[in-house]
Amino acid sequence: MTLFALSGALEAGLIFGLVAMGVYISFRLLHLPDLTVDGSFPLGGAATAVAIVSGMNPFLATALGTVAGAAAGLLTAVLSVRLKIMSLLAGILTMVALYSINLRVMGRPNISLFGYETVFSPVQALFGGSIWSNAVMLAAIAIVAKLLLDWFLATEIGLALRASGENPTMSTAHAIDNDRMVIVGMVLSNGLVGLAGSVFAQSQGVADVSLGIGTVVVGLAAVIIGEASLGTSRIWLATLGCLVGALLYRLLVAVALGAGALGLQAQDLNLVTAVVVAFAVCASRARQVARGRIKCWVVARFRPRQVPPGR
Amino acid sequence: MLLRALVTAATIGLASSLAAAKDVKTVALTYIVDHPAINAVRNGIVDALGDAGYVDGKTMKLIVQSAQGSMPTQLQIAKQFAGEKPNLMVAISTPSAQALQSTAGATPVVFSAVTDPVGAKLVASMEKPGANVTGTSDMQPLGPTLQLIKSLVPSAKRIGVVYNGGEANSVSQVQALKREAGKEALEIIESTASQSAMVGDAARSLVGRVDAILLPTDSTVISAVEGVVSVGQKAKLPIFASDTDSVTRGAVAALGFNYYALGKLSGKMAADILGGSSPSTMAVGTLQTQDLYLNIKSAVAMGVEVPESLKASAAKVIN
């Protein structure tokens with residue numbers, strides 16, 4: 001693998017790390033399969049591209065892309081908790097609607113950002129156009145997002161959100177409004193995805209209406225690979241796992257692309273994704289089973305002998 | 001003495017093999033998705049490079065990567081290409097070309113099958129691209145196609161167009177079509193389909209509102225030409241296409257170029273650049289020849305009478 005290919009894998013990995021954190025909130029914390037992601041990713045890119053082309057400051061434009069993504073999450077959440085549409089369907093409805101909305105936002109299917117100032121311009125100037133400059137900027141964005149998410153999930157609302165996803169009945173008993181938690185979680189989740197779409201469009205130099213195809217699958221794959229490699233015992237580990245999982249996935253793609261060695265080609269990627277995710281799930285299950293067996297063995301061996309009563 | 005002779009011989013041998021390796025040009029080619037039109041362009045490019053003496057595996061190292069329809073993968077392919085440091089990069093389709101443009105640096109990029117290279121910011125102008133990027137556009141003159149429709153369906157006033165509003169290439173074609181239609185006193189009625197599965201419905205929605213349907217070179221629509229053809233046969237509504245392949249699949253007629261020829265033109269430009277020409281002054285190429293393809297069986301089924309004179313001028317008549 002060349003350094004260029006590595007820098008590309010890092011960039012894509014860090015961007016999809018943001019997607020993975022969004023997917024982690026909906027799929028893992030709220031236990032809601034949210035497919036809005038395939039629409040909010042290109043929406044973030046579209047809103048940012050339109051804003052940049054019309055002369056807005058790129059950092060403000062990125063914030064706008066994030067807010068646009070969050071609004072898409074709000075729509076899904078409202079469809080789900082207020083209109084009582086099944087959450088899977090609510091996500092699909094928003095995703096389908098967003099295709100048309102993205103076309104309306106951009107006014108055409110494809111906007112090139114070539115030659116415009118982006119959030120990467122200052123870093124590129126600082127590093128003299130080094131191939132790593134985009135990756136450095138993205139790493140900063142991803143790490144800040146991760147730390148903010150860790151902090152939020154430890155606040156009172158964050159804890160309530162986690163409790164609500166884990167056990168809604170118990171949460172209601174503790175006066176937690178489950179519906180509100182779904183809204184908060186979806187807004188946050190799709191805000192992260194919108195941010196990812198926004199920086200993706202800027203790093204790629206183009207926003208395209210077909211940007212989002214398969215986003216949720218890759219995000220979920222990253223979450224699962226991260227869980228398998230780092231575990232989920234702590235929230236900060238799980239969010240770190242999102243970044244690590246996405247980076248590993250993109251490195252794998254780079255290897256597959258680079259690839260005379262393994263005989264892999266780009267068209268094998270989807271199969272590789274499926275195999276990797278299946279393997280990661282099995283590996284973490286096997287580890288749990290093994291841990292359980294060791295525990296049983298330890299307990300059986302060292303349990304204090306019970307003295308029968310009455311002797 | 002013998003040792004020195006051996007070392008000299010070895011050095012010369014090494015140097016000459018290095019020189020040979022230097023003569024082998026590396027060309028990296030990428031495209032967004034596997035599709036009949038795109039694959040025809042790819043074959044045309046490879047064949048034209050071969051004609052110019054750049055034969056894959058002998059005098060040229062060719063790297064080919066398909067992004068499988070995924071933009072993030074396209075980004076990684078572009079980065080991978082940048083790392084391979086090829087002599088030339090080739091991109092088929094607009095998003096692939098834009099991805100290579102942002103990572104190529106000073107490496108020349110030749111694009112193909114980009115309908116509106118100026119709108120996609122790939123070139124400064126069609127005549128003078130101005131940087132390291134040039135190539136060919138698949139925009140074709142649409143006036144002759146509209147005249148063909150008028151000659152076969154003299155009563156035609158409104159022409160329906162089925163296309164994917166999400167494809168940059170299609171949107172620019174429909175805009176151009178509307179400008180041309182004004183000159184021919186025709187009206188364009190649009191119907192969009194975002195996926196191949198919706199193409200049949202989009203065509204059905206035009207029945208009764210238009211006198212003929214014209215399909216642009218839209219990859220979503222071309223994937224489902226048969227669906228449009230069956231609507232046309234049932235409703236006696238003539239279907240025209242912009243690519244010749246769709247005529248063999250059931251459209252009445254097309255004045256189109258074939259994508260293989262467009263690929264050959266792109267390949268020739270690529271060979272010129274490998275030979276030392278500068279892409280910044282090489283005008284964007286377009287195909288001027290348009291072949292007439294006719295499908296008589298479909299014409300009968302859709303209620304169109306084809307004059308013998310037109311049959312004589314056709315490049316291919318399918319019975």
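The model shown is predicted, which means the values in this text are computed figures rather than measured ones.
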Given a strict heavy-atom distance threshold of 4.5 Å, which part of [X] is in contact with chain A: side chain, backbone, both, or neither?
| X | result |
| --- | --- |
| T94(B) | side chain |
| A120(B) | backbone |
| N169(B) | neither |
| Q76(B) | both |

So do the side chains of [X] and [Y] get within less than 4.5 Å of each other, counting heavy atoms only?
| X | Y | result |
| --- | --- | --- |
| L6(A) | Q80(B) | no |
| P95(B) | Q204(A) | no |
| M71(B) | V206(A) | yes |

Looking at every non-hydrogen atom in both residues, tell me the closest pair between [X] and [Y] and how far apart they are.
| X | Y | answer |
| --- | --- | --- |
| F4(A) | K79(B) | CB-O, 3.2 Å |
| N110(A) | A168(B) | CB-CB, 3.8 Å |
| S194(B) | Y99(A) | CB-CE2, 3.4 Å |
| G69(B) | I213(A) | O-CD1, 4.4 Å |
| E167(B) | P109(A) | C-CG, 3.4 Å |

At a 4.5 Å cut-off on heavy atoms, which part of [X] comes close to chain B: side chain, backbone, both, or neither?
| X | value |
| --- | --- |
| F200(A) | side chain |
| F41(A) | neither |
| L3(A) | neither |

Contact leader toward chain B among S203(A), A9(A), G115(A), where contacts are heavy-atom pairs under 4.5 Å: A9(A)
Would you say the side-chain atoms of Q98(B) and D208(A) include a donor-acceptor pair closer than 3.5 Å? no
Option that, when pairs with chain A are counted at under 4.5 Å, heavy atom only, ranks first among S170(B), A82(B), S102(B): A82(B)
Would you say E117(A) has more than 12 foreign heavy atoms packed within less than 6.0 Å of its CD? no
